[in-house]
Structures are given as C-alpha cells and as structure tokens.
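Index from 1, following the sequence.
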Amino acid sequence: MNEFDGETALVTGALSGIGRASARRFAAEGANVVADIDADGGRETVARTEADGGEATFVEVDVSDTASVQQMVDVAVETYGNLDIAHNNAGILTGFVETTGIEEAQWDRIVDINLKGVWACMKAELPVMVEQGGGRIVNTASEAGLVGIGGLSSYSASKHGVVGLTKSVALEYATRGVRVNAVAPGPTRTNIQSGILGDGTGPASLLERIRAAVSLLRMALRTLRADYDTSAMGETPMDRIAEPEEIAGPVAFLCSDDASYITGQTLAVDGGQAAD
C-alpha cells in the first residue's frame, strides 16, 4: 500500500465522487495530495484524507481558466517539491436535452470544463513532469466518450474530445517519460448520477428520468412500468452501478509501475457495458 510513497498527486474535481475516492486512494498509498475543490467539499476531502493518515492541500481553482490551473500546479510544486501524478477528473453534466435544444452558453460551459479543463491541466502539468524526469497522467473520460448517447451530445462530444486528446498527448510525450491514459467510467454513484436519476419521489417526472438514464447509461430497459424502481436504473451486465472507489482503483493502477508500458489508452470501467 506504499506504491506512491513520497510522490505528489494532483486531483481535480475532488470534492466528491470519483475525485474524492481517487485523492484518498493516492494518499492511502503514500502520496501527498493536492486537490482542486470548492471550499466546503474541499475541506471535507482534505479532512478525510488526513484522517486516513495522508497529507493533502486545499486549492480552489477554475479548471477552465489557464491562469488558475497554473496556480494550482505551482502550489503543488511549491508545497511538495514535485508533481508525479495528475488525475484530471473535474467534469460536469448540465442536463438531458437534444442537440437543437442546447443553448450556446450551456455547450460552452460543458466544453470549457470537461475538455478545455483537461487541456489546461495538462498544459500546466506536462512541463513540470518533463523537467523532473517523468510523470503519469490519467484523464477522466466517460462511457459517453466511447459511444454516442442521444440527448447528451454536448457531454458526449466533450468526453470524446478527452479520449482523442489523451491519445495525442500520449504520443507527443511517449519518449519524454510521461505516460498519459484515461478511464471511461460507466454508471457510478456520483453527483452526476444522482442528478440524472433523481430520488424517485416525483412521479410526474419519472418518465423523463428513465429516458435520461437510458441515454446516459445505455441501459437496455425491456419494460417501462409506472412503478419502475429508479434505484435499479444503474443496471449493467454486472447488474449494479459502481462505487467511486471502483474507479479510483483503476486510476491508481494506471499510475503505478505495473502499468509502466501502458500509454495512450482509455480503460473502460463500466461493468461490461462497452461489451454489450
């Protein structure tokens, strides 16, 4: 459990879900963690990480702003002296809507955070890693970055962009000591998942939630009953949704020495959905 002893890991979007699980996993394996997170969730993540015996630093950042991202990387280096690992995980999903119904501001916000944010992070991270002799980067894409999803074209486009960006950067830095990969989570118990599924208490909007979940998660729902249990809408070939820790594990693997010959890959962590 000391795979990353003495190393520094930067995690964006660490206030909850996959980001928080990733930050805690790196800390549990000996890394110092710098996390970009909002004030309330951020301090909670730092507190949990320190309670686990790790060390973490809070940095509030706008990943769509290159100057803000550069400041975050500078804090990591100034605080711990190096930057060995980056999990560029921050992302949003603003709603289920067909392509012609997407407002320009909505499109721009999703692309700015989900795609430009990953580029901005790598733009700041890569020079540091090259100068110190190497590093590992994992970007969070999505199952929506591997397949088209009706009703989520802006989100899907941004995540397809993350997959393509990951491949291109991996090729550029393959001989410079930096490995760059991505994970593509399927349905995972996160804030995005909760927002899509709802809490099951609003019968009037039940059909919309079911339809949105079908598109988002590519679920093969054979029947739509009025009393359909929304808690089951994370159905996958494994018949459940993932916990954030189940995504953090593959992220840690891709950053480990066991993955030393892996770069430019997008690992589907989706309970078998990509095989369906």
Side-chain angles (χ1 to χ4, degrees), residues 12-13 16-19 63-64 87-122 137-170 180-198 207-221 230 233-238 241-242 244 246-247 250-251 254 264-276:
T12 66
S16 64
I18 293 170
V63 295
S64 68
H87 181 196
N88 300 318
N89 169 73
I92 61 168
L93 190 157
T94 60
F96 176 83
V97 60
E98 291 189 352
T99 302
T100 54
I102 300 171
E103 299 293 337
E104 183 175 358
Q106 180 186 27
W107 176 278
D108 289 346
R109 182 165 181 257
I110 287 178
V111 172
D112 276 354
I113 293 176
N114 291 4
L115 179 55
K116 180 186 174 184
V118 172
W119 164 79
C121 287
M122 289 198 290
I137 295 174
V138 176
N139 301 319
T140 296
S142 169
E143 182 187 15
L146 303 176
V147 298
I149 297 182
L152 290 171
S153 60
S154 56
Y155 181 77
S156 184
S158 71
K159 292 301 187 177
H160 272 76
V162 170
V163 171
L165 180 61
T166 297
K167 292 178 180 179
S168 294
V169 176
V180 185
N181 293 290
V183 290
T188 306
R189 201 178 306 281
T190 67
N191 289 343
I192 285 179
Q193 174 87 359
S194 298
I196 290 294
L197 299 184
L207 187 56
E208 282 106 16
R209 290 202 308 275
I210 291 176
R211 286 173 175 165
V214 168
S215 291
L216 176 63
L217 309 176
R218 296 181 61 241
M219 292 180 295
L221 300 180
T230 58
M233 296 215 303
E235 182 182 357
T236 66
M238 291 183 70
I241 66 174
E246 293 179 288
I247 312 301
V251 170
L254 288 171
Q265 303 303 306
T266 297
L267 177 61
V269 190
D270 63 356
Q273 280 195 306
D276 190 0

Check: G13 and N89: which non-hydrogen atoms are nearest, and at how many Å?
Finding: O-ND2, 3.2 Å

Notebook entry, point to check: Where is the tightest heavy-atom contact between V183 and T266, given as atom of each residue plus distance?
Noted result: C-CG2, 4.4 Å

Note to self: Show the nearest heavy-atom pair for residues A184 and S142, with the distance to one decimal.
What the structure shows: CB-O, 3.4 Å

Item checked: Minimum-distance pair of heavy atoms, taken over all atoms of T12 and A90 -> OG1-N, 3.0 Å

Check: Can any side-chain N or O of T188 pair as donor or acceptor with the backbone N or O of G186 at less than 3.5 Å?
Finding: yes

Notebook entry, point to check: Any sub-3.5 Å donor-acceptor pair from S64's side-chain atoms to I113's backbone N or O?
Noted result: no

Note to self: I'd like to check Y155 versus N114 (side-chain heavy atoms, cut-off strictly below 4.5 Å). Are they in contact?
What the structure shows: yes

Next item on the list: Please report the shortest heavy-atom distance between S154 and I110, naming the atom on each side.
Entry: OG-CD1, 3.2 Å

Checklist line | Single hit among V269, N181, V138 for side chain to side chain contact (heavy atoms under 4.5 Å, CB included) with P250 | finding: V269

Next item on the list: State the OG-CD distance between S153 and E98, to the nearest 0.5 angstrom.
Entry: 9.0 Å

Checklist line | Gap between atom CG of D270 and atom CE of M238 - 0.5 Å precision | finding: 10.0 Å

Notebook entry, point to check: Going through the distances and angles, do H87 and I18 end up as a side chain to side chain contact (heavy atoms under 4.5 Å, CB included)?
Noted result: CA-CA 10 Å; H87 181 196; I18 293 170; 3.9 Å; yes

Notebook entry, point to check: Is there side-chain contact between V97 and Q106, with heavy atoms separated by less than 4.5 Å?
Noted result: yes

Notebook entry, point to check: Quick one: side-chain hydrogen bond (donor to acceptor under 3.5 Å, both in side chains) partners of T166, sequence neighbours excluded?
Noted result: N139

Margin query: How long is the straight-line distance from CG of L254 back to CD1 of I137, given to the nearest 0.5 Å?
Written below: 12.5 Å

Checklist line | Any side-chain heavy-atom pair of L93 and L152 under 4.5 Å | finding: yes

Next item on the list: Any chance you could measure L115, atom CG, to K159, atom NZ, to the nearest 0.5 Å?
Entry: 9.0 Å

Margin query: Any non-hydrogen side-chain atom of P187 less than 4.5 Å from a side-chain atom of E143?
Written below: yes

Margin query: If I compare all heavy atoms of A242 with all of I247, which pair ends up nearest, and what's the gap?
Written below: CB-CD1, 4.3 Å

